[in-house]
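Below is one structure, written out as structure tokens; the observations come after it.
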Amino acid sequence: MEDCRVLSIQSHVVRGYVGNKAAAFPLQVLGFEVDSVNSVQFSNHTGYTHWKGQVLNAGELHELYDGLKLNNVNQYDYALTGYTRDKSFLAMVVDIVQELKCQNPRLVYVCDPVMGDKWNGEGSMYVPRDLLPVYKEKVVPVADIITPNQFEAELLTGRKIHTQQEALEVMDMLHDMGPETVVITSSDLPAPLGSDYLIALGSQKKSNVNGTIMTERIRMEIPKVDAVFVGTGDLFAAMLLAWTHQYPNNLKMACEKTVSAMQLVLQRTIRSAKAMAGKGNKPSSAQLELRMVQSKKDIENPELIIKATVL
């Protein structure tokens, strides 16, 4: 792979793996140059009892980008973004992505529109509500690949998902907003394999040489892991970026590689966390940090332990 460069604007933690710490290592292992802008710098993720640190504001983000521009080193093949809490920061990200796309019309923007999730069937937002219109009106229209969970897909489209058919319709609505690739990373749809599995769905619209639009749709059944991990969404988006680069016209293979690698990392993490916690004890946040470095071989060349069904 020739010099393929990613601008990743995400959070940074000193200890552990979320945001850029969860995205940069897998991308580098898979051969990408990664330029990281740290939207926050925290001691650790906010799931711990204590955390300290600093937050980058929109002006400071602009200043960093300006430095790249003045040196004429603002040429990128990919942009990658995740969790953001601030409306003006998010709007500045959009300005930067649009400028990067002017420089390189083939740039691919991968966006994880992190806004909230469902617990026990009830959805709730964990970012300020005023981010939703920014995602809907500004971010998603410039994105090429988005990785919402079910709740985020519902927020973006204003439609609830109860069935697979409704999920496919929601993904079509998301395509119409801009992105050619949509992956709903988790849902509470019933899985044919039973309640120990969750369903993920993918949809990719590509235009052929003759101008006709081809749609590839897939479904994956993913074993549930009995623990709360942090950074999994950031890892997922980074690996999907890498594998869609490798397989631009094969969403099935890209998702199988991504989800298989995810599972292998999570399985290693839970085994290690349980061993550290000791029999009968619940692992702590520190013990549940993703075993990223230990999973290097699985990230590089994942054994396909999860297969997708073409719909």
Closest approach of Leu80 and Ala237, non-hydrogen atoms and distance? CD1-CB, 4.1 Å

Close side-chain approach of Met220 to Ile218, heavy-atom, < 4.5 Å: yes

Looking only at the side chains, is there a donor atom on one of Tyr76 and Asp35 sitting less than 3.5 Å from an acceptor on the other? yes

Polar side chain donor-acceptor pair, Ser43 to Lys52, under 3.5 angstrom: no

Set of residues satisfying salt bridge (Lys or Arg N to Asp or Glu O under 4.0 Å) with respect to Glu63, sequence neighbours excluded: none

Under the rule for salt bridge (Lys or Arg N to Asp or Glu O under 4.0 Å), what residues qualify as partners of Lys138, not counting sequence neighbours? none

Pick one: which of Val139, Val134, Val140, Leu132 meets side-chain contact (heavy atoms from CB on, under 4.5 Å) with Lys136? Leu132

Other ILVMFWY residues reachable from Phe42 by side-chain steps of under 4.5 Å: Val13, Val18, Val40, Trp51, Val55, Val230

Can you confirm whether more than 12 heavy atoms, excluding those of Lys160, are under 6.0 Å from its NZ atom? no

With a 3.5 Å cut-off and no angle check, do the side chains of Thr269 and Arg291 form a donor-acceptor pair? no

Taking atom types as modelled, find out whether Tyr65 and Asn74 have a side-chain donor-acceptor pair closer than 3.5 angstrom. yes

Any chance the side chains of His45 and Ser285 put a donor and an acceptor closer than 3.5 Å? no

Set of residues satisfying salt bridge (Lys or Arg N to Asp or Glu O under 4.0 Å) with respect to Glu99, sequence neighbours excluded: Lys69

Closest non-hydrogen atom pair between Pro302 and Lys257, with its separation: CG-O, 3.6 Å

Test ring-ring contact (aromatic ring centres under 6.0 Å, His included) applied to Tyr197 - qualifying residues, sequence neighbours left out: none

Do Ser8 and Gln10 meet the criterion of a side-chain donor-acceptor pair at a distance under 3.5 Å? yes

Among side-chain atoms of Gln75 and Asn104, is any donor-acceptor pair under 3.5 angstrom? no

Among all residues two or more places apart in sequence or in another chain, which pass the ring-ring contact (aromatic ring centres under 6.0 Å, His included) test with Tyr78? His245

For Lys101, does the NZ atom sit with more than 12 other heavy atoms under 6.0 Å from it, leaving out its own atoms? yes

Can you confirm whether more than 12 heavy atoms, excluding those of Lys87, are under 6.0 Å from its NZ atom? no

Is any NZ, NE, NH1 or NH2 atom of the basic residue among Lys252 and Glu216 found under 4.0 Å from an Asp or Glu carboxylate oxygen of the other? no

Asp176, CG atom: more than 12 neighbouring heavy atoms under 6.0 Å: yes

